[in-house]
Amino acid sequence: ESTDPEVATAVVERAAGRITLTGRATGSTVVAITVGTARHALTVEVKRWAARMVARATARTTAAGIDPRMAEVAALNAVLDAVNAEAGATVHIARKAASGTGLTMSVRAGGADFIPVTGDIAVTLAGGLPAIPAPAALLMSNYPERVTGVGALMRQSLPLGRVARLMWHHKNYAGRPIVLGVRLINAGPETASLRVGWADAGPNPDEIFVGFNAMCRYWDTVMRGQAVQLRIPPGSSFEAVAVPMAPADVVSGLMDIAADEGRDLYVEVAGRDPRDDPAGFIRLRNAGDPLAVTPFEFPATLQSELSYELGGRHAHLSIGRDAVVNDQGIALHGAYGVMHRVRVELHNPGPVPGRVEIAARAGGGVARVVAVIDGAPARSSLLRAAQEEVLARYDLEPGTGRVVSLQMIPTAGSNLPITLAVRGNARCRGPPRQGTPAPAAKGAPDRPAPTRHGEANARAVPRCRPPVSYTHLRAHETVLDL
């Protein structure tokens, strides 16, 4: 007999010489077994398995050759989704090995009220996931930039069908180690599915170095279509990015997010204690309740145009000089994280070939530039205040022109604004060497014929001069001002 038959019961099968003990519900009871004159009491605890193990799982990606960090997070998420851990159980998953088609993950699930489970799961990385479209919204996590403790720093909703770009850039001013995490939250009643691609850099105390590397990685992976599918059960969150930070460290990153299934979805950037390492999906305390959000959503793209005619005045465009203001009146100074798409029209109306340069100048202090010009990456060295660097050059034949496509996202940590300058000069014969007369064109005078204004004929071949830098011109202005 059992002191609590609803927890466990026992049946004595004398003919078979066997006692069958059956657990009916979780809990603890005492079962008394009597055989003849013998009587024995058993203390019985009934527990559930911590998780249901499977041999294989599949993680979906957009392309082969996915970034290793994204692939590992996708494998972790696929294993968590496949093992179906019990509520309250802790699940620890670690990468064990990699192969040409996927990863092998080591799984250990347990808890005080559960029977522990261990094993290995082979995860196949399967392509075919549609690429993430261009983001329409920018979600910014930089207010405050300095993290002084644990807790949420930014939280924004993720409506279905609206693609968002998240940018985060933070410094650890907590005076102790912390972990900066990016979590995807499903507060709704059904499983959520999201396409996510991201790149991050840090920790490192040099914020310009960190922001530049995060932006380079973003262009090399996410902007080339790399993304993974992440699934999150109802009333749970999943930490996709976790970066440990020592005091004074800086971390930076960008993430594109497309919510495909589910509702009441959010993304959150938070600082947490390193000891609070989430084991598996994190259960929400008040599942089903809407979460408070921060007012840091901005337009993701700005369109601009530049036009330059060879021989004319230089064309300029300032990136990050003007703040981007959202519907709630919040100003995003520097327009960090905003994609600037610039259409540059170049023309050479003259009779001789010319060369045009597109340069970037640091207008606010030390900065680095990451851009893509006509599909080719253009990355500057470290620019100090008022220093510039040529990003691209184009040769234009007489009477021709071309349109250049330039894309640029202001890099976190760099000092803005950045000025784009378009300038050029005619490529022509240089001055003759001493003692050698300049050859005259057949049927033409030795010298250009003067016009009625006393100027050289427009058909004459001009003398080449190298382009003059902005700094050089400002130096002359300073002398004249004195």
Side-chain angles (χ1 to χ4, degrees), residues 138-158 164-185 187 198-215 218 237-255 257 266-279 282-286 289-298 320 323-326 328-338 364-368 410-416:
L138 169 67
L139 313 179
M140 176 59 69
S141 181
N142 188 243
Y143 304 96
E145 183 177 39
R146 298 179 177 183
V147 182
T148 57
V150 299
L153 301 166
M154 186 281 301
R155 185 188 300 124
Q156 295 293 144
S157 61
L158 299 171
R165 177 190 304 120
L166 167 66
M167 184 182 213
W168 65 91
H169 185 81
H170 291 285
K171 306 175 184 179
N172 181 8
Y173 273 70
R176 61 186 178 90
I178 63 171
V179 173
L180 190 89
V182 179
R183 299 173 180 173
L184 300 168
I185 302 173
W198 70 93
D200 64 301
N204 189 285
D206 187 339
E207 63 175 325
I208 296 179
F209 171 81
V210 171
F212 175 77
N213 278 278
M215 187 62 68
Y218 177 75
S237 69
F238 176 73
E239 191 173 67
V241 179
V243 184
M245 304 174 67
D249 272 347
V250 180
V251 296
S252 188
L254 299 100
M255 174 183 286
I257 313 168
Y266 303 84
V267 61
E268 177 183 272
V269 178
R272 64 169 173 83
D273 192 289
R275 295 169 295 184
D276 298 334
D277 189 21
I282 308 166
R283 301 290 180 178
L284 303 182
R285 294 179 180 178
N286 300 311
D289 295 340
L291 304 181
V293 298
T294 48
F296 304 133
E297 179 176 328
F298 302 90
V324 176
V325 181
N326 65 11
Q328 296 172 283
I330 306 296
L332 176 61
H333 296 284
Y336 292 99
V338 176
V366 181
R368 296 196 73 171
T411 302
S414 288
N415 297 284
L416 298 183

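Fair warning: this is a prediction, and the values are worked out from it, not measured in the lab.
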[X] (side chain) donor-acceptor with [Y] (main chain) under 3.5 angstrom:
X: Asn142; Y: His169; result: yes
X: Arg183; Y: Val267; result: no
X: Asp276; Y: Arg272; result: no

inquiry  = Walk me through whether Leu180 and Leu153 qualify under side chain to side chain contact (heavy atoms under 4.5 Å, CB included).
reply    = CA-CA 10 Å; Leu180 190 89; Leu153 301 166; 3.7 Å; yes
Considering only heavy atoms from C-beta outward, does the side chain of [X] approach that of [Y] to under 4.5 Å?
X: Val293; Y: Tyr266; result: yes
X: Met154; Y: Glu268; result: no
X: Leu332; Y: Tyr143; result: yes
X: Val182; Y: Asp200; result: no
X: Phe296; Y: Ile330; result: yes
X: Met255; Y: Arg165; result: no
X: Pro203; Y: Val243; result: yes
X: Ile257; Y: Leu184; result: yes

Euclidean distance, [Y] [atom2] relative to [X] [atom1], rounded to 0.5 Å:
X: Thr148; Y: Lys171; atom1: OG1; atom2: NZ; answer: 14.0 Å
X: Asp273; Y: Ile178; atom1: CG; atom2: CD1; answer: 9.5 Å
X: Ser252; Y: Trp168; atom1: OG; atom2: CH2; answer: 8.0 Å
X: Asp206; Y: Asp249; atom1: CG; atom2: CG; answer: 11.0 Å
X: Arg155; Y: Leu291; atom1: CZ; atom2: CG; answer: 5.0 Å
X: Leu166; Y: Glu297; atom1: CG; atom2: CD; answer: 11.5 Å

Restricting to non-hydrogen atoms, name the atom on [X] and the atom on [Y] that form the minimum distance, rounded to 0.1 Å.
X: Arg368; Y: Thr411; result: O-OG1, 3.7 Å
X: Leu416; Y: Gly334; result: CD1-O, 3.0 Å
X: Trp198; Y: Ala240; result: CZ2-O, 4.0 Å
X: Tyr336; Y: Asn415; result: OH-CA, 4.3 Å
X: Ala412; Y: Met167; result: CB-CE, 3.6 Å
X: Arg176; Y: Asn172; result: O-ND2, 3.0 Å

task = Let me see the working for Met215 and Leu254 under side chain to side chain contact (heavy atoms under 4.5 Å, CB included), right down to the final yes or no.
result = CA-CA 7 Å; Met215 187 62 68; Leu254 299 100; 4.1 Å; yes
request  = Give a yes-or-no answer on whether the side chains of His170 and Ser141 include a donor-acceptor pair shorter than 3.5 Å.
outcome  =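 Note: His170 and Ser141 side chains meet the donor-acceptor criterion.
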